[in-house]
Amino acid sequence: MGKNPVYAEVYIDRPVKELDRPLTYRIPDQLQGQVRPGMRVQVPLGRQGRVQAFVTAITDQRPPVQVRDIIGLIDREPIIDEELLGLARWLADYYVCPLVTAIHTLVPPGKKNSGGTLVALTPRGWAYLNQQDDEEEEAGLEMLEWLAARGGEADAPSLRAMFRSQGQQVLKKLQAAGLVQVEQFKMVGEKGTGKLGIYPAFPPEELAVHLLSLSPRASKSRQALTVACAVPGLTVKELAARAEVTESVIRGLLDKGLLCQKAISLQAEQPERKVVWPRLTPAQQAAFQTIEESIVKGRRKKFLLFGVTGSGKTEIYLRAIASCLERGQTAICLVPEISLTPQISARFKERFGADVAVFHSRLSLRERHLEWQRIKEGKIKVVVGARSAIFAPLQKLGLIIIDEEHETSYKQDVTPRYHAREVAQERARRTGATLVLGSATPAVETFYRAQQGEFTLLTLAERIDDRPLPPVTVVDMRQELAEGNRSIFSRELQEALRHTLQRGEQAILFLNRRGYSTFVSCRSCGYVLRCPACDVTLTYHSSDQTVRCHYCEHREPSPALCPRCNSRYIRYFGAGTQRVAEEFAREFPGVSWQRMDVDTTSRRGAHETIIQNMLEEKIQVLIGTQMIAKGLDFPKVTLVGVISADTSLNVPDFRSGERTFQLLTQVGGRAGRDVLPGRVIIQTYSPEHYSILRAVEHDYPGFYREELELREMLGNPPFSYLVRLLLSGPREEEVIRGSQLICDWLQPGLQADQSLLGPAPAPLSRLRGQYRWHLAIKGPELEGLRSLGREVLQKWSKQRSGEVRLVLDIEPVSLL
DNA sequence: AGCACGCCGACT
DNA sequence: GTCGGCGTGCTC
Ligand SMILES: [Zn+2]
Ligand SMILES: [Zn+2]
């Protein structure tokens, strides 16, 4: 037996400051050579018999203390490779969190095993734990709590390690009681044992013909057929998931004889695909070539692809990815969750077939796990997904793309509060990959960095085929009111709608606020309905006559009488999308419309249906929130009406101007994307605001200059860095006392060029029953602020903090 | 975080 | 006298 490395450095799987350091254990003889970094093991810890830990290094250094033996392995293979382990270290350091928290972020649950069984709490299981009457026997309760402690699920190896042989019996009981569910994962590679796979019933080159033979309405069928050709041999379920269609669609195709079923063979990958690669415009070509050169030469360059809406950025991404694959490398493309639509998926799958995996939030645990496993096995070369896809375990990563890089959803809102853009830069740096950030409205910070030379700026100033950007008009709603128009539609918008509809074209009405009204108030006494748990007003929802909180789950029937004075004069103020829809229906009777916001798209498939209805022109007007502002491409939409540009303008955050400009530009970009010319009408009470004026002119550089000047004057990012400390707890006095205490800790340690803001109540001063106060520290470089934050966190954990929680937010994107 | 040790109050 | 409260300290 080899003499040297006999020790393993491990991190105990507990997210606590005191254990956020490596502990050394001896590798017992029978495990020699099997333990590798990235594996989970069981070790004894103090008086605890066995706990889970991550191996981070193998060493022959004997520590200057008594060492104990590793008890056993949980994994046969590392669940995280060394490159990603390094990235996890960076993440923990940059965002100030325990290493194990970072590791869990990189390897989300459901992926922590290599085939086998996954045990998860059912909703009933969760409910059971919450009501906590102790009917369940000791052992069962223990297992439920153990599961809850790790986010509600665990794989079989960990479960076995923790509960030994008796675990099986307990598990059976819980499963029978419906408190847990057990999901069976196939080991990848064992696919095809007797199962039937779906194959196209024609040679792949005939795909186009058969696609045309289908009814123009049968978009789902086309989708399924395309995927079946690209990835033959999937089971019905797998194909349904991958093509994002229901199983009935596939059965229909089987009946039509377009697909057939036969035993799955481990045949060679699908034959050559014939895909049409559209010609690039000269501007696209130039940008693409610059990116390609970086990929080819391994120049590990960073680009900002700044292209107006409709300039064809996606096509450049696709080319760059293809070029990457040709060189045997792999690629990640991040897309905001909100624009991760079936259309986008289809576009990638059409080009890259079985090489691509699309991660969207609707994937089940099993599907997610399957794809993750395929990535690890090298079967997937392109990963498309939202924020967390940045951690996809691809080997030989050559390219990272972040579409709509300014989107704030790239920042995680729980610890570790990482920004995928920052992680991407770091991962690109470590792997030598080329980085491409794309946007029509880059984040001010990003554009600033490009100006500083940190990114190479690639510009697409024109829409493809010389289509013009839509002209934008602003309507001053104060004027409108003064002239006696009390409708939420200005006369100009009404007029424009009428013309658009007469021409048989489509329109989008945008308002970034869902529900019917923004607040409900009593005319007699002025009482305003508020959420009992949050410091916000309740929104009226006309669909079921409830008032709801948009920050928590609270909802109640809308009162008929004022709760304070019993008056019947309850009135609804301010407009949301429901009210827009109602007023639209009244003013334009007979015109078909649909609303699209979280309330109408929560049902699976609802989102797709609405988009399909728009494309098929079953509806003429789409009324919606954010959701309709991003990335949708409806050729016949020629009018975009922004009901109110003021919602995002009035948010108390130094980035609200930027948000407003971005939102207006993005939503305006939905108009006139095809051959029909479009126009945009923006209604506002602040027509002189620079964000609005610049959006009207499609003038990003102008906006950027003005915004930058403001930021410089106020010393805000990118001229400084920010770290936010947020305290929350059920009793306000404690929270205030806590923030005062932290203020006292920070004050003396500040450098001359650092400053402390607050403590102050957060703009959202109460959320889900928790009072919230915050402080922010500002300084010329991040590391100084970070170490101040670290110190505070350290001190905080050492003192009895009651029920007050403290979280650090490095480079926050929102100060709400 | 767990888990044990330890030192003070109100029970059989 | 002891059962049990949770403050404090440590974990290779
Ligand atoms: Zn009243
Ligand atoms: Zn609430």
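What you are looking at is a predicted structure, and each value in this text was computed from that prediction instead of being measured. Numbered from 1 within each chain, the chains take letters A, B, ... in sequence-line order.
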Check: Hey, does I12(A) reach any base, or is it just sugar-phosphate, or nothing, if we go heavy atoms under 4.0 Å?
Finding: nothing
Next item on the list: Step through the shown structure and confirm whether more than 12 heavy atoms of other residues, nucleotides or ligands are within 6.0 Å of CD on Q34(A).
Entry: yes
Checklist line | Other residues, nucleotides, ligands: >12 heavy atoms within 6.0 Å of Y551(A) OH | finding: no
Notebook entry, point to check: At under 4.0 Å between heavy atoms, what does Q66(A) touch on the DNA or RNA strands: base, sugar-phosphate, or nothing?
Noted result: sugar-phosphate
Next item on the list: Name the nucleic acid region contacted by R68(A), choosing base, sugar-phosphate or nothing; use a 4.0 angstrom heavy-atom cut-off, strictly under.
Entry: sugar-phosphate
Check: In terms of side-chain geometry, is the basic nitrogen of E445(A) or R655(A) positioned less than 4.0 Å from the acidic oxygen of its partner?
Finding: yes
Next item on the list: Starting from C1' on dC3(B), measure out to CZ on R47(A) and report it in whole angstrom.
Entry: 6 Å
Check: Which nucleotide span of DNA chain C, 5' end to 3' end, has atoms closer than 4.0 Å to non-hydrogen atoms of chain A?
Finding: dG9(C) to dC12(C)
Next item on the list: Establish, yes or no, whether the cationic atom of R766(A) lies under 6.0 Å from the six-membered ring centre of Y771(A) and within 45° of the ring axis.
Entry: yes
Next item on the list: Give E18(A) one of three labels, base, sugar-phosphate or nothing, depending on what nucleic acid heavy atoms sit under 4.0 Å from its own.
Entry: base
Margin query: Considering every strand and a 4.0 Å limit on heavy-atom distances, what is the contact class for P44(A): base, sugar-phosphate, or nothing?
Written below: sugar-phosphate
Checklist line | Whole-Å gap separating P (dA1(B)) and CD (Q52(A)) | finding: 17 Å
Check: With a 4.0 Å cut-off on heavy atoms, is R21(A) in touch with a base, just the backbone sugar-phosphate, or nothing at all?
Finding: base
Margin query: Taking the basic N atoms (NZ, or NE/NH1/NH2) and the acidic carboxylate oxygens, is any pair closer than 4.0 Å for E734(A) and R737(A)?
Written below: no
Next item on the list: For V67(A), answer base if it contacts any base atom (sugar-phosphate contacts may also be present), sugar-phosphate if it contacts only those atoms, and nothing otherwise; contact means non-hydrogen atoms under 4.0 Å.
Entry: sugar-phosphate
Next item on the list: Starting at atom CG of L19(A), determine the distance to atom P of dA1(B), rounded to an integer number of angstrom.
Entry: 10 Å
Next item on the list: Please name the residue in the list L756(A), L793(A), L746(A), L808(A) that meets the side chain to side chain contact (heavy atoms under 4.5 Å, CB included) test with L788(A).
Entry: L746(A)
Notebook entry, point to check: Do the two ring centres, one from H419(A) and one from Y94(A), sit under 6.0 Å apart?
Noted result: no
Item checked: Atom-pair distance (CZ on R50(A); P on dC3(B)), nearest Å -> 13 Å
